[in-house]
Amino acid sequence: MNSEPRVALSRPVADEVRKTTCYMCACRCGINVHLKDGKIRYIEGNRDHPVNRGVLCAKGSAGIMQHYAPARLRAPLKRVGPRGSGQFQEISWEEALSTATQWLGHVRHTDPKKLAFFTGRDQSQSLTGFWAQQFGTPNYAAHGGFCSVNMAAAGIMTLGGAFWEFGAPDWERTKLFVMFGVAEDHDSNPIKMGIGKLKQRGARFVSVNPVRTGYSAVADSWIGIRPGTDGLLILSVVHELLRARKIDVDYLARYSNASWLVIDAPGTAEHGLFARDGEGRVLVYETVTERPVPLGTKGARAALSGRFELGDGRFVVPSFQLLAEKYLDPKYAPEAVAEETGVSADVIRGLAAEIARVAFDEAIIVEQPWTDVHGERHPYFVGRPVSFHAMRGLSAHSNGFQTARALHMLQVLIGAVDCPGAFRFEPPYPKPMTAHPTPHGKAEHFGSDKPLSGPHLGFPRGPEDLLVDAEGKPTRIDKAFSWDAPIAAHGMMHMVIANAHAGDPYPIDVLFMYMANMAWNSSMNTAGTMKMLTDKDPETGEYRIPKIIYSDAYSSEMVAYADLVLPDTTYLERYDCISLLDRPISEPDAVQDSIRWPVLEPDRDVRAFQTVLLDLGARLKLPGFADNHGHPLYKDYADYIVRHERRPGIGPLAGFRGTNGDRAGRGAANPHQLERYIENGSFFSAHIPLEAQFMKHANQAYQDFAVRMGFFDTPQPVTFQLYLEPLQKFRLSADGLREPVAPETHRERILQAFDPLPQWYRPFGEAMVDRESYPYHAITQRPAAMYHSWGSMNAWLRQIHAKNPLYVPRPICDELGLVDGDWVWVTSSHGRIKVEIARMEAVNSRTMWTWNAIGKRAGTWALDANAPEATKGFLMNHLINELLPPRSDGMRWSNSDPITGQAAWYDLRVRIEKAEAGAVSEPHFPAIAQPEPEPHPVLLRYGQEWAS
Ligand code: SF4
């Protein structure tokens, strides 16, 4: 479809059109906001914007109803009734900020770890993380731990980048696209546009997902896999590729650690680690001279198989030898995994054959000479046009890290990473794990009135980097980076309230949260979480979590549980920056970032959270926020965006830097930078030179470009880590062979899960319950028209999803005599819910599911207490505990991936029984008093009286 020449599709409705960035989900599309008489009349997609090229989804156009929602908070609030009652009194900003400063200042002077500062799906983590670091608490993270850290951590540790914000399929060239477990609102417009391109070109699209909705519904082939078994399916495909010798040996030898020699010395502290010479250089085995040589030795042809003896008597094997031995095992044969995965052997074999055929028989060439980081000139780029994409469905399991690793291993084996037609990195990625920091939060990293000595989040290289004390006890409230979850690269937000309530590992004083609906859909064990937030210490009569500060733009369920509410603006009323330092929006061919700006001034007594955070930082006299005299360094967030430098010449925005605005990436602060962005449609885009566009991990031109742009100060090429040595270090600690030795209680779990080569094991939540008593899976999907609970109050989006049935597969319905509209009890090992059902064909026959976050607590979001969301809507969360069932010794692990701590939302097993018809889903909680919302309109009409 040719988009030129452009035609006016609608008559002008506005006095003025302001271009900014959508925030109705996390895709960050460009939008044109049409204003008339000072009101929004219309939102359309910005056709010049590189993310969406004018495409707008239902959510994006409904931003108008988000902006005028009656659920908007109007002023700072102080709790005056019991926690959870929703009884508040409006207060001034001065009172709110003084109170917060007093609470936070006391903590900082006495014991900074008693502040837990956690944020939800905000996009200002570069600022919030910096603020928490300057405050000095070890307890900071955003929502990644309960979202998709398995994808991010596995991707970065294996490839130096992961799906979505770190890379994308080569939509223009791919011939086979295989997608695993992707919600239909994920990367929404870019994926829809990409799939459109595939369909136009006749490329094949395979979706692996237990539920056939959204993207899966338009796939050429749908594989309705059993939840939690994706890793087994992938390893079976790997088995078939190895058997057929359909792997790219040259690519493996050049770009992965397949040739690196692994020490074979069982029972020693070196077993399974890479062999290194006296200078610490990894060794490979040179096949011509038949001797071990340091990696990178000019002209060396490294062996990928064999077993060799080093001069000192130690035996070594190339890591690929271990890989091949492992996956050629018949236990990965398609017939052997068919029952567990619910996918027939023929389908698995067919998928493997199709991947091999397209990768090798339909290879493509891009005629562009390039030079690799070893100085070798190549006449062209070779493309293996098979691309993959995966997200939460694959990763939100307790085996999700290893599953995501398995998928990345598959990509590398066929040579399909950042070549034409494959998954391609988006700047500033790839970035090797070694270029990321280690986590900070050990006792020696913080103290009263001091900043933390480094960033909170990072990648431990081994057990020595864990954030534990001398006894092995966690130093963070969420227990991230402890033996519980050693590589919890995004923290474990889903454990904060439970641990703070239990005082384990210690009690806290202030819980400070932003945009995180933890009293409802963002928590497991929702009823238990609400109780934890309201529980009091019987001796002191004080709340167990003494002070809660919460910031949100809307009267979500969490607001009612705060003591102090800091009302945020809507996304159309504030400055934001979508930064390369944070969650980038680049494309494989271009470096990009963008801003939001106040296209409307707030008409309520609200302030942008980021500006409030800067104000609090200055009041607390935090370094980086106040000068030596205690004066604020920044007027507001806009000022910070322009003037803050993380490193000399590197600020939040890469575009229009330098005093003239003509520098990209590195450059002095430009006082007119935001004006330049606004003139440019609120985004900046710089194309990557042609020679640098592929093979970025090993492309000298790209590495030079990355240094020029300021992503790194020196080149950071990536060698793909198929064999992951840090995991082996943990296993050696668990075996008692390496210091620090793992505590006894953790050893078995680490030995089971920390295989340095990708593996599959049955998810814990499934393995620890009686499968006969709980014979079915229960999962959630996010609909295309809602982003978690963000559309809850949106008058237009509510017309699409105001309640959510439980979708039950036809065979189960037939067995239980269920028809559409019947009610059932759904029971897990943790709890039960009573809900209405709908029969469904296009779903794995052992899996029931519902839409996420549609059910609402009565009395919230300025909805009528009898709104369908509060009566027929429901949450699956009530069935999921944040802890696994007790072991034989009473010990309970968190319901998380044992490596990264990712919340295992989709490990849930249930049974169902027919119930009496009901009027209200159960559990049903008493209505919360609204925190003095704007008057509820009976009818909310587009373009007329918005809130009357
Ligand atoms: S996909 Fe839709 S909601 Fe998300 S940013 Fe783009 S237009 Fe907005």
Side-chain angles (χ1 to χ4, degrees), residues 9-10 17-34 40 42-69 120-124 143 147-148 163-165 168 171 182-197 213-215 218 389 391-392 426 515 553-554 570-574 576-579 582-587 592-597 599 681-683 685 781-801 851-854:
L9 298 176
S10 53
V17 178
R18 296 184 169 179
K19 294 173 190 281
T20 185
T21 305
C22 185
Y23 199 6
M24 293 294 289
C25 84
C27 289
R28 297 157 288 180
C29 298
I31 51 172
N32 301 339
V33 182
H34 293 241
I40 310 172
Y42 177 48
I43 296 175
E44 67 175 342
N46 178 353
R47 297 179 193 192
D48 299 319
H49 199 282
V51 169
N52 58 317
R53 307 272 173 208
V55 174
L56 197 70
C57 76
K59 303 184 294 287
S61 56
I64 189 166
M65 286 300 183
Q66 201 87 351
H67 181 76
Y68 291 115
R121 290 181 175 79
D122 69 295
Q123 293 165 7
S124 51
H143 80 286
C147 186
S148 285
F163 299 117
W164 195 18
E165 286 155 331
W171 297 114
V182 178
E184 58 201 69
D185 74 335
H186 167 77
D187 204 9
S188 180
N189 284 343
I191 288 186
K192 282 181 278 183
M193 292 157 63
I195 291 173
K197 287 177 186 166
T213 61
Y215 303 135
V218 297
H389 190 77
M391 211 55 208
R392 202 171 174 202
E426 296 172 337
M515 271 178 73
Y554 302 96
T570 73
Y571 69 103
L572 297 172
E573 295 170 322
R574 63 166 181 258
D576 264 333
C577 79
I578 292 92
S579 170
D582 207 318
R583 302 177 60 183
I585 55 161
S586 296
E587 301 286 325
Q592 288 161 191
D593 61 16
S594 62
I595 67 160
R596 296 189 187 92
W597 59 288
V599 298
S682 288
F683 67 91
S685 181
Q781 299 270 297
R782 295 200 318 250
M786 288 269 182
Y787 188 70
H788 300 284
S789 61
W790 286 12
S792 304
M793 80 311 272
N794 192 296
W796 286 352
L797 300 179
R798 290 187 60 223
Q799 293 177 43
I800 304 172
H801 296 287
W851 298 117
N852 179 43
I854 302 298

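The structure displayed is predicted, hence computed values, not measured ones. Start at 1 and go down the list; that is how both ligands and their atoms are numbered.
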* Asked: Any side-chain donor-acceptor pair under 3.5 Å between His186 and Arg392?
  -> no

* For the residue pair Thr213 and Glu184, confirm or rule out a side-chain donor-acceptor distance under 3.5 Å. => yes

* **Main-chain N/O of Cys22 paired to Arg596 side chain as donor or acceptor, under 3.5 Å** =>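 Side chain of Arg596 to backbone of Cys22, a donor-acceptor pair under 3.5 Å: yes, one is there.
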
* To do: Please name the residue in the list Val51, Asn52, Thr21, Asp576 that meets the side-chain contact (heavy atoms from CB on, under 4.5 Å) test with Arg28.
  =>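 Single side-chain contact (heavy atoms from CB on, under 4.5 Å) partner of Arg28 among Val51, Asn52, Thr21, Asp576: Thr21.
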
* To do: Count, excluding waters, the protein N, O or S atoms that are closer to atom 2 (Fe) of ligand 1 than 2.8 Å.
  =>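 With waters ignored, the protein N/O/S count below 2.8 Å is 1.
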
* To do: Indicate the atoms forming the closest heavy-atom contact of Gln123 with Ala26, along with that distance.
  => NE2-CA, 3.5 Å

* To do: Measure the acute angle between the ring planes of His34 and Tyr42, then classify it against the limits of 30° and 60° as parallel, tilted or perpendicular.
  =>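 Ring orientation, 0 to 90° scale: tilted.
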
